[in-house]
Amino acid sequence: MTNAEIAATFDQVADLLEFKGENPFRVRAYRNAARTIGDQPRQVAEILADPQAKLTDIAGIGKDLAEKIQALVDTRKLPMLEELLSEIPESVLAMLRIPGLGPKRAAVLYRELGVTTLDELREACQSHRVQELKGFGAKMEATILDGIGIASEAGQRFLWAEADQFVQDILAYMRPAKAVARIEPAGSYRRGKETVGDLDFLVVADHPAAVMDHFAAYPGREHTLARGGTKMAIRLTNGCQVDLRVVAGESFGAALQYFTGSQAHNIVLRGLAKDRKMKINEYGVFRGERQIAGLTEEEVYASLELPCFPPEIREARFEFQWAEKGPLPELVALDDIRGDLHMHTTWSDGLATLEEMAEAAKRRGLKYVAVTDHSKRTMMAGGLDERRLREQWVEIDRYNARRPGITVLKGVEMDILEQGGMDLADDVLAEADWVVASVHFGQRQSRERITERIINALKNPYVCAIAHPTGRLLTRRKPYEVDLEAVLRAAREHGKCMELNAHPSRLDLDDVGCMMAQNLGVAVVISTDAHSIDGLEAMRYGVQQARRGGLTGADVANTRSWTQLKKRLGKG
DNA sequence: GCCGTTTTCGGCCCGACTGTTTTCAGTCG
């Protein structure tokens, strides 16, 4: 059983316990465990098999949860969950996705009206049986009825790049308003999460009502969900919820820290404050009644003798351990990237010529690019055979001879064949500067078989990196299954790199994958797999995800010059 | 259910908004 499956199981247990009205801290223990296991860089099955390691060493996993994880790994079953599901039908959990309807009221609906599905709930609302219940009323009934539509499409998250567009539009609308002294986006958007569920904005203003009036007139607004003295929430016509919070200037730092989260990060932070007899809220840091910080985020963290963590790592995963050890390592930044090592041209399925791609990369400040068109097996993408590849390399030589101010490397994206062999002969690979190997065919093979094929490619002396190592970039459907940890171990053994392929809509090797690579000491290459000039822009999304995974410049191979990288790869 | 320089019990982050109440519980982030 994979970490993601175990996490999903614990989340379901938490939902059911919450529904039953169990001790909220017990519920939180399951939620924490789900998050921690989901973020684990190692598969827990591996940890269980390792005599040196213990599950209870993971923060938040005690004796009981360790036993439950063991049971899940051994039997794929959890007796406790089965017991819960025999008491409560799984379908009632859908009710928890209705905004404004939590476990307490959902339990009442189930207990008093026997509602088990969203359809039954709609019927109960329409026949006005809901407003008769104690604690409910006509308004609540209407809210629920409205929310049923949302619940069926709930869980919808937006890709960061999409959310970025919404954010820029809102900022462009809000910033010129007289009432707005300052506005900043916060939340998971600011933390650079791969997907964003809703947007949070923080505003400094003297007259909150004027800000909210302006916000209420935003052209993209569909309707207002809530509005109070300092807080307002709207839904956009595209379905995205936007929260706005107005604060005074002297609380700006505390509020920005608070609304950036993550929630787990804030819980740890407030716990640390409490240990020191201090209190943190969105207005500031307090010792007794006295405010001792709040103007800036730096000040808030400094009051607890902590560094101002970059937003991307505020997930209570490793940042507090980092801070204990000393100054934070410098995370990799877009400016650190010197070359892009995966892109296509009109020689195979790219839209721009070799020269256009090189010039566009140069304008982005890159010093080198590897042109990595497909190999012959990828026929429909116009993959190159040995002869065509050598022809392309003649063109590359000719281009480089003009001293264009950027170095173009002779590369190829070579298929790992269905049977496990390489699509190109070793003699031609030996002439290449940069070979990335990838799985395009036989994606439905078993996890073991695909893992074996990739590990086999890592043994080839001319292969430099594995492209789209988790298969997420290849298809909009389910990616292939692979044992990423085994692949990374093999990469370490053979001194190879792992690619993080970035694309605005999908990323291959996510933040957790980066954490795994870092733990195992495998160098990551952030590259775009660009098929057009605009595709090169995706580098920023890749860097953002690498930062979330805690990677520094030293962890990322293409922050080095090509000369240094070549030396490291043992070439020339 | 977890955790422990207040360690085996008694804590566990904290405040805003809503709707239902008439002082507050539920929900959300």
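All values below were derived from every heavy atom in this structure, side-chain atoms included, with hydrogens, water molecules and symmetry-related copies excluded.
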For A:Pro99, which contact category applies under a 4.0 Å heavy-atom criterion: base, sugar-phosphate, or nothing? sugar-phosphate
Can a donor-acceptor pair be found between the side chains of A:Gln257 and A:Asn266 at a distance below 3.5 Å? yes
A:Asn281 side chain N/O closer than 4.0 Å to the phosphate oxygens (OP1, OP2) of B:dG15? yes
If the cut-off is 4.0 Å, is A:Lys279 near the phosphate of B:dG15, judged by side-chain N/O to OP1 or OP2? yes
Counting only heavy atoms not in A:Glu222, do more than 12 sit closer than 6.0 Å to its CD atom? yes
Name the nucleic acid region contacted by A:Ala14, choosing base, sugar-phosphate or nothing; use a 4.0 angstrom heavy-atom cut-off, strictly under. nothing
Rounding to an integer number of Å, can you tell me how far A:Met278 CE sits from B:dC13 C1'? 14 Å
A:Arg105 side chain N/O closer than 4.0 Å to the phosphate oxygens (OP1, OP2) of B:dG19? no
Of B:dG1, B:dT20, B:dG29, the nucleotide closest to the side chain of A:Asn23 is B:dG1
Rounded distance in Å between the C1' positions of B:dG26 and B:dT20: 10 Å
Against A:Asp511, only a single residue in A:Arg317, A:Arg547, A:Lys193 fulfils salt bridge (charged side-chain N to carboxylate O under 4.0 Å, His left out); can you say which? A:Arg317
Nearest-nucleotide comparison on DNA chain B, the residue closer to the 5′ end among A:Gly271 and A:Asp275: A:Asp275
OP1 or OP2 of B:dC13 under 4.0 Å from side-chain N/O of A:Arg270: no
Taking only the C1' atom of each, what is the distance from B:dG11 to B:dC17 in whole angstrom? 28 Å
Expressed in whole Å, how much space separates the P atoms belonging to B:dC9 and B:dT18? 44 Å
P atom, B:dT6 versus B:dC2: distance in rounded Å? 23 Å
Take the protein atom CD of A:Gln131 and the nucleotide atom P of B:dT21, then report the distance between them rounded to whole Å. 11 Å
Can you say whether a donor on the side chain of A:Tyr258 sits under 3.5 Å from an acceptor on the base of B:dG15, or the other way round? no
Does either side chain, that of A:Asn3 or that of A:Glu5, offer a donor lying less than 3.5 Å from an acceptor on the other one? no
So, A:Ser127 versus A:Glu123: side-chain donor-acceptor pair below 3.5 Å or not? no
Hey, does A:Arg26 reach any base, or is it just sugar-phosphate, or nothing, if we go heavy atoms under 4.0 Å? base
Separation of B:dC13 atom C1' from A:Gln263 atom CD, nearest Å, is 9 Å
If the C1' atom of B:dT8 is compared with that of B:dC3, how far apart are they to the nearest Å? 10 Å
Ignoring backbone atoms, establish whether A:Lys274 has a side-chain N or O less than 4.0 Å from OP1 or OP2 of B:dG11. no
Which part of the nucleic acid does A:Ala59 contact within heavy-atom distance under 4.0 Å: base, sugar-phosphate only, or nothing? sugar-phosphate
Side-chain contact check for A:Asp243: nearest option of B:dA16, B:dG1, B:dG29 is B:dG29
When rounded to whole Å, the NZ to P distance for the pair A:Lys139 and B:dA25 reads 21 Å
Applying a 4.0 Å non-hydrogen cut-off, can you work out what A:Thr230 is touching in the nucleic acid: base, sugar-phosphate, or nothing? sugar-phosphate
Looking at every strand, decide which applies to A:Leu269 at a 4.0 Å heavy-atom threshold: base, sugar-phosphate, or nothing. nothing
For B:dC14, the Watson-Crick or wobble partner whose two distances fall under 3.5 Å: B:dG29
Touch class at under 4.0 angstrom, heavy-atom based, for A:Gly229 against every strand present: sugar-phosphate
Tell me what A:Ile98 touches on the nucleic acid: a base, only sugar-phosphate, or nothing, going by heavy atoms under 4.0 Å. sugar-phosphate
Contacts of A:Ile267 and A:Gly228 projected onto DNA chain B by closest heavy atom; the upstream (5') one is A:Ile267
Counting any heavy atom closer than 4.0 Å, what does A:Lys134 reach on the DNA or RNA strands: base, sugar-phosphate only, or nothing? nothing
Rounded to the nearest Å, what distance is computed from the CE atom of residue A:Met140 to the P atom of nucleotide B:dC17? 18 Å
Take atom CG of A:Leu244 and atom C1' of B:dG29, then tell me their distance rounded to the nearest Å. 14 Å
Is there a ring pair (Phe, Tyr, Trp, His ring centres under 6.0 Å) between A:Tyr189 and A:Phe166? Walk through the geometry before answering. CA-CA 11 Å; A:Tyr189 168 80; A:Phe166 307 160; 10.0 Å; no
Determine the Euclidean distance between corresponding C1' atoms of B:dA25 and B:dT21; express it in Å to zero decimal places. 9 Å
Any donor-acceptor N/O pair under 3.5 Å between B:dG1 base and A:Asn32 side chain: no
Could you state the atom-to-atom distance from NZ of A:Lys231 to C1' of B:dC28 in whole Å? 6 Å
Kindly check if the number of other-residue, nucleotide or ligand heavy atoms within 6.0 Å of CD (A:Glu83) is above 12? no
A:Gln12 and A:Glu90 side chains, donor-acceptor separation under 3.5 Å: yes
Between CD of A:Glu141 and P of B:dG26 the distance, given in whole Å, is 19 Å
